[in-house]
Amino acid sequence: MSIDEATVRHIAALAELAIADDDVALLATQLAGIVTFVEQLDAVPLDATEPVVVGPAATPLREDVVNPIPLARGPAAFAPAFDHGFFVVPRLGGLVQE
């Protein structure tokens, strides 16, 4: 595929870019180089390549160990009411059954 100055101006119009007339020839050369480079991908055989795996093929799992951080004071020390391991709270006004 050849990239000429008319193609550069067309691409610039589609992208709503203003290009100075002095830069059109340089951009045509640069775009032609990019297209030539990308066209090389056609030479890669797709059936002989293996899929690309980014990172290790498998990640070993570590043992899941829970290390709780002990409180400086137990919940019973700062709870208004604590009974049999539970916080005791007053009933909400709208939920009181009569």
Side-chain angles (χ1 to χ4, degrees):
M1 177 180 192
S2 66
I3 305 290
D4 57 359
E5 292 185 9
T7 305
V8 171
R9 292 182 196 281
H10 180 70
I11 293 171
L14 291 174
E16 297 182 1
L17 297 173
I19 297 177
D21 291 334
D22 298 338
D23 296 335
V24 174
L26 175 63
L27 288 174
T29 304
Q30 291 174 345
L31 280 175
I34 293 170
V35 170
T36 303
F37 181 78
V38 173
E39 284 176 343
Q40 294 175 7
L41 295 175
D42 288 336
V44 177
L46 297 179
D47 57 344
T49 59
E50 294 187 22
V52 175
V53 178
V54 178
T59 304
L61 298 177
R62 62 173 172 78
E63 184 178 343
D64 193 14
V65 179
V66 178
N67 295 321
I69 300 172
L71 297 173
R73 296 181 293 150
F78 59 83
F82 197 74
D83 187 26
H84 299 299
F86 295 98
F87 290 98
V88 180
V89 295
R91 290 189 181 270
L92 295 176
L95 300 176
V96 175
Q97 296 177 357
E98 296 189 28

Pair up each side-chain donor or acceptor in residues 20-34 with any protein partner under 3.5 Å, not counting sequence neighbours, and list the distances.
residue: D21; atom: OD1; partner: R9; partner atom: NH1; Å: 3.2
residue: T29; atom: OG1; partner: A25; partner atom: O; Å: 3.1

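- With sequence neighbours excluded, no residue satisfies side chain to side chain contact (heavy atoms under 4.5 Å, CB included) with V89.
- Within the structure, no pair that satisfies the salt bridge (Lys or Arg N to Asp or Glu O under 4.0 Å) test touches residues 24-33, not counting sequence neighbours.
- None of T7, V8, L14 except one satisfies the side-chain contact (heavy atoms from CB on, under 4.5 Å) rule with H10; the exception is L14.
- When the salt bridge (charged side-chain N to carboxylate O under 4.0 Å, His left out) test is applied to D42, no partner is found at least two apart in sequence or on another chain.
- Not counting sequence neighbours, the partners of E39 by the side chain to side chain contact (heavy atoms under 4.5 Å, CB included) test are M1, V35.
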Show which side-chain atoms of residues 55-69 pair as donor or acceptor with protein atoms under 3.5 Å away, not counting sequence neighbours.
none

